[in-house]
Amino acid sequence: MSTTDTADAAPVPEAERRRDPLRRMVALARPRAGRFALGVLLGAVATGSGVALLGVAAWMLATAASHPGITALGVSVVATRALGVGKGVSRYLERLVTHDAAFRTLAEVRVRVYRRLAATEPFGRFRSGDLVSRLVNDTEATLDLLVRGLTPPLVSLVTGGVTVLVVTAVYAPGGALLAAGLLLAGLAVPWAAAALGRAPGRRQAVARGRLSTSLVDTLHGAPDLIAYGAMDRQVARVYEADEELTRMARRDAAVLGLGAGATTLITGLSVWGTLFLGVLAVEGGELDAVSLAVLVLVTLAAFEIVAPLPAVAARLGAIRESGARLFGVLDTPAAVAPAVRTGLDPDGDSAVRVRGLRVRYTPDGPWALDGVDLDVAAGETVAVVGPSGAGKSTLASVLLRFRDPDAGRVELGGADITGYPADEVRAVVSGVPQDPHVFASTLRENLRLARPEASDDDLWAALRRARLADDVAAMPDGLDTRVGTHGLGLSGGMVQRLALARALLAAPRVLVLDEPTAHLDPDTRDAVVEDLLAAAEGYSTLLITHDLTGLERVDRIVVVRDGRVVQSGTHTELLARDGWYRDVHPGL
Ligand SMILES: Nc1ncnc2c1ncn2[C@@H]1O[C@H](COP(=O)(O)OP(=O)(O)OP(=O)(O)O)[C@@H](O)[C@H]1O
């Protein structure tokens, strides 16, 4: 199964997008509804045992004074033990079942988020810190909702309802009072807490995203910030974001405190009310003293059931906002349609044929590519050049199947790549990006990313081809040298060669080199282009660049402007003709 072309890439219907994020988050758990129901049942047994335990204990203490028979005492002792053990065991099982179901749901959500990211181009939409916050905090809010927001209210409903029924059976006014108290503490107080927590909760998820963004910006931009003396201002921005979160946490704590206080007040009033009514009933002969003792303690215990609800309700605002941010990622339209066929021949002809290719990023936006025709014969090297914004990188995105054409065809060996799984296309077409990432790991692991089963011989062959083998051989730990963050720093040229070796290891037939020298100084640039082109010999290669040096080495040059091919020919031919290439060529 392809990692990117799944049903997850299908567009999300408008009606679904408009649904309350909380409901949508709960719906994520639908495949595990049975387990959650079992969790609720076990939770109800645990809380019910707690209430019954206090009831039996009260009965035992109250009857002890009247010297009951040994059988009655024995039964109540056994019941106390059974309820005590039952409470612990069922609570443990409830936690096990609900956490297991919630963590499994979370794992599925994570996979869906990553698949959606793989099927879209969201990195331009979300800033990296904010994206991290969505991937970690906002996704984990699902867990919070399922564990704390779903099971406890249902458990309260079941246990609270049963307790009210039992108390009503013993003494109806006590049952009515308990019902009123539980409704107030379990519904009105959480409702007020939810209302008070809604606005700060919404701001909290956004503020957390802002803090992550400013932290990532500070870390990544540290050299520039220090060079321009702007570090203090940036750190102040981080503090500001942090203080905003602290302010909200304080407000959260105040809401929680108020909720807990209100619940305690209602509990106290209910217990006193039951006692007052009960004493009157005992005096009137409607109730016996032992039942009164049981009633009062059961009432007290019943409020334990609803005690956690205000805290949960106060969190709902933040959870809803996290849900909205999570679905913001999940609802992002896929840049590529789900695959409709498979079986792109990985060993077929490597000719690339583009006809009438049109692409735009928004439905009514300008065309980034507006009717491009392009041919790269098997083994040919074609440079695509043009000014910034001409559409060169968009062409690379389409070839690597990061983006679907809006019109036209892109063929690999005669097969239209649209409709094939992205993984199959990328087994044929490999790209070297403008700014390759070096992972904080060994050189070996950085290379094996492209082909995990590659042997050291394969790695050295790729390194030799990318002209990096001598440099790696000179490193003290060879392939085991640690690179990336906290590792050996690689020069810009080495990073590009490493990325090329990685791309070659994927054993493609078509290479797309997207601005491989964009971040290099002019001397290195020339050497890297020469090495890349030498390494690419035999592959159908598309060299995308706005740097016109060294292009005499490629077979053909295509000039793209405003999304259209405006010139095509060899370096010598284009220099001999009027046009953009001759106008901007640095050699002239
Ligand atoms: N993710 C995006 N969302 C919206 N518009 C985009 C996006 N990426 C590119 N564009 C637009 O599409 C057009 C072509 O951009 P593209 O990046 O393909 O050009 P380019 O020739 O590669 O430029 P450069 O050399 O500066 O990278 C530009 O007008 C650009 O603003």
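Here, residue 1 is the first one in the sequence, and each next residue gets the next number. All values below come from the heavy atoms of this structure, side chains included, with hydrogens, waters and symmetry mates left out. Note that the structure is predicted; figures quoted are calculated from it, not measured.
Panel note: side chain Arg444, backbone Asp456; no donor-acceptor pair is recorded below 3.5 Å. Judged by distance alone, with hydrogens and angles left aside, the side-chain atoms of Asp555 form a donor-acceptor pair with the main-chain N or O of Thr381 at under 3.5 Å. Remark: the backbone N or O of Gly408 is not paired with any side-chain donor or acceptor of Arg355 at under 3.5 angstrom. At distances below 3.5 Å, at least one donor-acceptor pair connects side-chain atoms of Arg401 with backbone N or O atoms of Tyr420. In this structure a side-chain-to-backbone donor-acceptor pair under 3.5 Å is missing from Lys392 to Thr545. Between the Glu411 side chain and the Arg353 main chain, no donor and acceptor come within less than 3.5 Å of each other. Although no hydrogens or angles enter the test, the distance criterion places a donor-acceptor pair under 3.5 Å between the side chain of Ser397 and the main chain of Ser393. Judged by distance alone, with hydrogens and angles left aside, the side-chain atoms of Arg464 form no donor-acceptor pair with the main-chain N or O of Asp470 at under 3.5 Å. Side-chain N or O atoms of Asp370 include none that pairs as donor or acceptor with a backbone N or O of Arg564 at under 3.5 Å. Without hydrogens or angle criteria, Arg104 side chain to Ala107 main chain gives no donor-acceptor distance under 3.5 Å.
Residue Gly563 comes nearest to Val372 through the heavy atom pair O-CG2, 3.3 Å, listed as atom of the first residue, atom of the second, then distance. Nearest heavy atoms, Met25 versus Phe327: CG-CE1, 3.7 Å. Across Val565 and Asp373, no two heavy atoms sit closer than the pair CG2-O, 3.6 Å. Taking every heavy atom of both residues into account, Leu500 and Val432 meet most closely at CA-CG2, 3.8 Å. Scanning all heavy atoms of the two residues, the minimum distance from Leu400 to Ser430 falls at CD2-C, 4.0 Å. Across all their heavy atoms, Leu344 and Val425 have their closest contact at CD2-CA, 3.9 Å.
Rounding to the nearest 0.5 Å gives a distance of 8.0 Å between CG of Asp242 and OH of Tyr239. Here the NE2-CG distance, from His571 to Leu551, works out to 7.5 Å after rounding to the nearest 0.5 Å. Here CD1 of Ile557 is found 8.0 Å from CG of Leu548. Values are rounded to the nearest 0.5 Å. Remark: Arg24 CZ to Leu330 CG distance equals 7.5 Å, nearest 0.5 Å. Annotation: the span from Arg110 atom CZ to Phe103 atom CZ amounts to 8.5 Å, rounded to 0.5 Å. One distance of note links OG1 of Thr105 with CG of Leu146; it measures 5.5 Å at 0.5 Å rounding.
Counting heavy atoms from C-beta outward, Leu443 and Val472 have side chains that approach closer than 4.5 Å. Contact of the Tyr114 side chain with the Val329 side chain is not registered, since no non-hydrogen atoms from C-beta on lie closer than 4.5 Å. Within the 4.5 Å cutoff, the side chain of Arg448 has heavy atoms near those of the Leu459 side chain. Proximity of Asp514 to Pro433: side-chain heavy atoms (C-beta onward) are nowhere separated by under 4.5 Å. The shortest distance between side-chain heavy atoms of Glu552 and Thr572 does not fall below 4.5 Å. Side-chain contact between Val529 and Arg553 is present, with heavy atoms from C-beta onward closer than 4.5 Å. Residues Phe439 and Glu445 fail the side-chain proximity criterion, which asks for heavy atoms closer than 4.5 Å. For the pair Pro405/Arg358, no side-chain contact is recorded, criterion being any heavy-atom separation below 4.5 Å from C-beta on.
Heavy-atom neighbours of Glu537 CD from other residues, nucleotides or ligands within 6.0 Å: at or below the threshold of 12. By the 6.0 Å contact criterion, CZ on Arg23 is open, its count of non-hydrogen atoms from other residues, nucleotides or ligands being 12 or less.
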Residue pair Val354, Asp375: steps toward the side chain to side chain contact (heavy atoms under 4.5 Å, CB included) verdict: CA-CA 6 Å; Val354 177; Asp375 286 283; over 6 Å; no
Assess whether side chain to side chain donor-acceptor pair (under 3.5 Å) is satisfied between Ser540 and Glu380, documenting all intermediate values. CA-CA 5 Å; Ser540 308; Glu380 192 186 20; over 6 Å; no
Quick one: do Ser455 and Asp457 satisfy side chain to side chain donor-acceptor pair (under 3.5 Å)? Show the steps, please. CA-CA 5 Å; Ser455 66; Asp457 286 346; 5.0 Å; no
Begin from the C-alpha positions of Glu244 and Arg210 and carry the test salt bridge (charged side-chain N to carboxylate O under 4.0 Å, His left out) through to its verdict. CA-CA 10 Å; Glu244 199 183 344; Arg210 202 174 303 138; 2.8 Å; yes
Test side chain to side chain contact (heavy atoms under 4.5 Å, CB included) on Val554 and Val382 and set out the steps. CA-CA 6 Å; Val554 304; Val382 173; over 6 Å; no
Between Leu468 and Asp471, does the side chain to side chain contact (heavy atoms under 4.5 Å, CB included) criterion hold? Intermediate values first, please. CA-CA 5 Å; Leu468 191 59; Asp471 290 306; 3.8 Å; yes
Given Leu490 and Met475, is the side chain to side chain contact (heavy atoms under 4.5 Å, CB included) satisfied, shown in steps? CA-CA 11 Å; Leu490 300 179; Met475 291 176 190; 4.0 Å; yes
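By the 30° and 60° cut-offs, the orientation of the rings of Tyr581 relative to His585 is tilted.
With respect to Arg409 and Asp416, a salt bridge is recorded, a charged nitrogen being found less than 4.0 Å from a carboxylate O. Note on Asp477 versus Arg482: no salt bridge recorded, every NZ/NE/NH1/NH2 to OD/OE distance being 4.0 Å or above. Salt bridge Glu16/Arg19: present, at least one basic N to carboxylate O contact under 4.0 Å.
With a 6.0 Å cutoff to the six-membered ring centre and a 45° limit on the axis angle, Arg509 does not count as a cation-pi contact of Tyr539.
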